[in-house]
Number of protein chains: 2
Amino acid sequence: MVTMRDVAQRAGVSVATVSFVVNGSKPVRDETRERVEEAMLALGFHRNPLGAALARRGHTRIIAMLYPALERPLTPTAVAFFTGASRRAREQGYDLVMWPIGNDAEQVAVLARTGLVDGVLLMEVQLEDPRVDALRTAGVPFAMIGRTAEPEGIGYVDIDFAATTRDAVARLHALGHTRIAFVAGSEPGYQHAARTRAESAYRTAVTEIGGPATVIRVDESPAAGRALGERILTDHPGTTGVVILNEHAAAGLLIGLAHAGTSVPRDLSVVSMSTSAYMAEMAEPRLTYLRAPGAELGEWGVDALLERILSPDHAPRQRLLACEYVAGDTLAPAPAGAGAWAGA
Amino acid sequence: MVTMRDVAQRAGVSVATVSFVVNGSKPVRDETRERVEEAMLALGFHRNPLGAALARRGHTRIIAMLYPALERPLTPTAVAFFTGASRRAREQGYDLVMWPIGNDAEQVAVLARTGLVDGVLLMEVQLEDPRVDALRTAGVPFAMIGRTAEPEGIGYVDIDFAATTRDAVARLHALGHTRIAFVAGSEPGYQHAARTRAESAYRTAVTEIGGPATVIRVDESPAAGRALGERILTDHPGTTGVVILNEHAAAGLLIGLAHAGTSVPRDLSVVSMSTSAYMAEMAEPRLTYLRAPGAELGEWGVDALLERILSPDHAPRQRLLACEYVAGDTLAPAPAGAGAWAGA
DNA sequence: CTGAAAGCGCTTACAG
DNA sequence: CTGAAAGCGCTTACAG
């Protein structure tokens with residue numbers, strides 16, 4: 001391994017000077033700099049970040065993205081978070097790695113104490129997220145993609161699930177739908193913040209248009225979607241519209257509906273929230289959906305995190321993004337005569 | 001930050017002794033050990049891995065999984081690799097992170113030189129993979145999930161694509177199919193090793209049963225699958241069976257076939273190779289498939305890598321796994337009268 | 001503008 | 001069984 005000492009020797013300067021050149025941390029005379037650079041090139045020097053990190057008390061220029069839900073496949077949206085974040089981090093001279101650890105505070109604390117990462121980006125945030133306290137206690141800078149119930153003082157970027165849900169309901173209502181069900185994921189003991197906010201916005205919106213609130217939970221899997229599709233109109237007769245926040249189950253839902261003889265969108269309209277083009281194309285008919293801005297969330301999440309790392313005294317960056325509507329083949333006017341709600 | 005010095009001071013011993021206790025690297029008298037342990041507990045000491053790594057010339061007990069294809073969503077199979085590998089690494093006292101870097105040698109070389117990881121696990125291996133040379137040059141231990149054209153001397157674990165392909169063709173042939181097409185992914189300038197081996201096994205197998213070899217490439221996306229389904233029987237009339245190695249396109253293929261009025265499996269049988277239950281359920285009808293042993297691959301990949309790290313002189317571990325057949329709803333006897341091939 | 005030196009937190013021959 | 005000391009590769013006040 002080529003060290004700074006080797007470079008210093010060859011260039012006839014001290015290791016301090018080499019360090020100044022490498023980091024641009026102090027002005028160096030042009031002629032000296034050139035000698036150092038020449039030596040680095042000739043020797044193939046690359047600074048050892050371990051030594052650098054130790055000397056500067058821990059800064060590694062690595063940030064970790066914590067993704068807990070690795071039992072399920074990553075949605076295209078999650079992958080887009082990751083690639084967006086990764087690109088942005090690299091632009092800023094940081095490396096971003098995905099660290100697959102569970103949701104419990106203990107594992108997060110261990111990671112934090114290792115000192116191997118300068119900051120942490122949290123995904124799949126819950127309303128009350130134990131990781132937040134763990135990171136606070138450990139004093140590790142962090143930001144969230146998503147947000148807890150009370151995100152005051154924490155940097156985050158999140159989808160505006162309330163606005164997105166209102167949009168979904170409004171689009172159905174504009175086509176005459178009033179009996180609209182809401183389908184979301186179900187993990188026991190897991191208060192996914194996005195789902196909670198969307199569900200509450202749904203209840204408000206559907207009440208405003210005079211319809212009943214019907215909330216359905218299914219596992220995040222194609223099989224669960226299929227099963228739901230086969231029974232949804234039996235369980236909830238009269239429903240003409242579905243807003244679904246469960247990307248893993250959406251395609252299966254349409255398959256199950258077809259099995260049950262329900263024609264989409266003639267008999268039932270479906271709008272899928274926080275979805276990707278990939279998943280829309282996976283479904284038949286193609287989903288009408290609200291596109292999750294995955295890459296943007298990743299990029300801005302990194303920005304929010306770097307702000308915490310570099311300017312801990314600034315107010316944290318907080319930002320909400322709405323999903324954009326993308327027309328597909330699962331939204332149509334409510335069937336004639338279905339508009340009036342005959343009671344529960 | 002609590003350091004070894006703090007612990008040593010409190011316990012009335014030297015930092016060396018603390019280190020011996022922490023690492024179990026030398027015998028320590030029980031009574032001394034207890035004092036040290038008590039001090040560590042009281043102070044909440046956790047060894048700083050940066051210092052440790054530097055002192056022992058670089059060992060961080062972190063291994064990186066390199067996954068280049070982050071433009072597409074991760075398949076459930078890829079996620080299973082990752083979780084399997086992650087679990088196994090943790091069992092062995094290592095942390096595994098996913099490092100999203102491109103396929104080019106330069107980025108790999110940079111990562112290698114940072115000294116931040118003890119070893120590297122390569123995914124999405126190409127026949128001639130530039131990363132292999134980069135890692136060899138850098139002297140970083142590595143193993144592959146997948147394998148290059150000439151994997152001699154490199155640890156790996158891979159799916160036995162030749163055997164799996166033969167199996168797929170044989171199962172179709174047993175039901176009277178002889179005109180069997182092979183559908184795989186297409187990325188320009190990218191010699192995916194799995195695809196190449198499967199394709200060559202397909203050509204041999206299909207020739208042996210007296211059928212024509214029809215190789216079709218489509219992008220790895222649901223949309224490309226749809227488009228192919230709509231034209232496949234027009235482009236390749238008389239085909240009664242399809243073996244597909246393209247998990248992202250398989251569900252779309254079935255959708256496209258339905259659009260074209262082709263009934264699966266009555267008119268056309270489909271067997272999907274190296275697939276997961278998740279993707280099988282995404283498709284309608286449910287795919288008949290050969291299950292990719294994702295978690296096992298990940299675990300054994302880590303084993304192969306740790307072997308390289310810990311016993312560089314041992315012969316590298318190399319292992320092939322076959323995919324297991326899972327019955328679904330896309331395989332049926334060839335349509336009557338379709339058995340004979342009337343020529344190209 | 002440049003250098004000598006201390007120090008980051010740990011490990012590990014070497015002595016005893 | 002335990003300790004004093006050198007060293008891992010780098011950064012950074014402090015002098016000059």
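Chain A is the first sequence line, chain B the second, and so forth, proteins listed ahead of strands; every chain is numbered from 1. Since we're looking at a predicted model, the values are computed, not measured.
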Roughly how many Å is it from [atom1] in [X] to [atom2] in [N], rounded to a whole number?
X	N	atom1	atom2	answer
B/L54	C/dC8	CG	C1'	9 Å
B/F45	C/dC10	CZ	C1'	8 Å
B/Q9	C/dG9	CD	C1'	14 Å
A/R5	D/dC10	CZ	P	10 Å
A/R47	D/dT11	CZ	C1'	10 Å
B/F20	D/dG3	CZ	C1'	8 Å
B/M4	D/dG7	CE	P	20 Å
A/K26	D/dG16	NZ	P	14 Å

Sorted by position of nearest nucleotide on DNA chain D, 5' first, the leading residue of B/D30 and B/G51 is B/D30
At under 4.0 Å between heavy atoms, what does [X] touch on the DNA or RNA strands: base, sugar-phosphate, or nothing?
X	value
A/V22	nothing
B/V18	nothing
B/T3	sugar-phosphate

Which nucleotide, [options], lies nearest any side-chain atom of [X]?
X	options	result
A/A55	D/dT2, C/dC1, D/dG9	D/dG9
B/N23	D/dG3, C/dT11, C/dC1	C/dT11
A/V15	C/dT11, C/dC1, D/dT11	D/dT11

The single option from B/R319, B/R88, B/Q92, B/R308 that satisfies side chain to side chain donor-acceptor pair (under 3.5 Å) with B/D303 is B/R88
Taking a pair to mean Watson-Crick or G-U wobble geometry with both distances below 3.5 Å, D/dA4 pairs with none
Under a 3.5 Å limit on both distances, the Watson-Crick or wobble mate of C/dA13 is none
Side-chain heavy atoms of B/V120 within contact of B/I63, under 4.5 Å
no
query: Taking the side chain as C-beta and beyond, is there a heavy-atom pair between B/L321 and B/W300 under 4.5 Å?
result: yes
Establish, from distance only, whether the side-chain atoms of A/E307 and A/H314 form a donor-acceptor pair under 3.5 Å. yes
- request: Answer yes or no: does a side-chain N or O of A/T17 lie under 4.0 Å from OP1 or OP2 of C/dT2?
  value: no
OP1 or OP2 of D/dG3 under 4.0 Å from side-chain N/O of B/S14: yes
| said: With salt bridge (Lys or Arg N to Asp or Glu O under 4.0 Å) as the criterion, how do A/R35 and A/E31 come out once you've worked through the C-alpha distance, each side chain's angles and the decisive distance to 0.1 Å? | reply: CA-CA 6 Å; A/R35 279 217 316 282; A/E31 195 257 332; 3.2 Å; yes
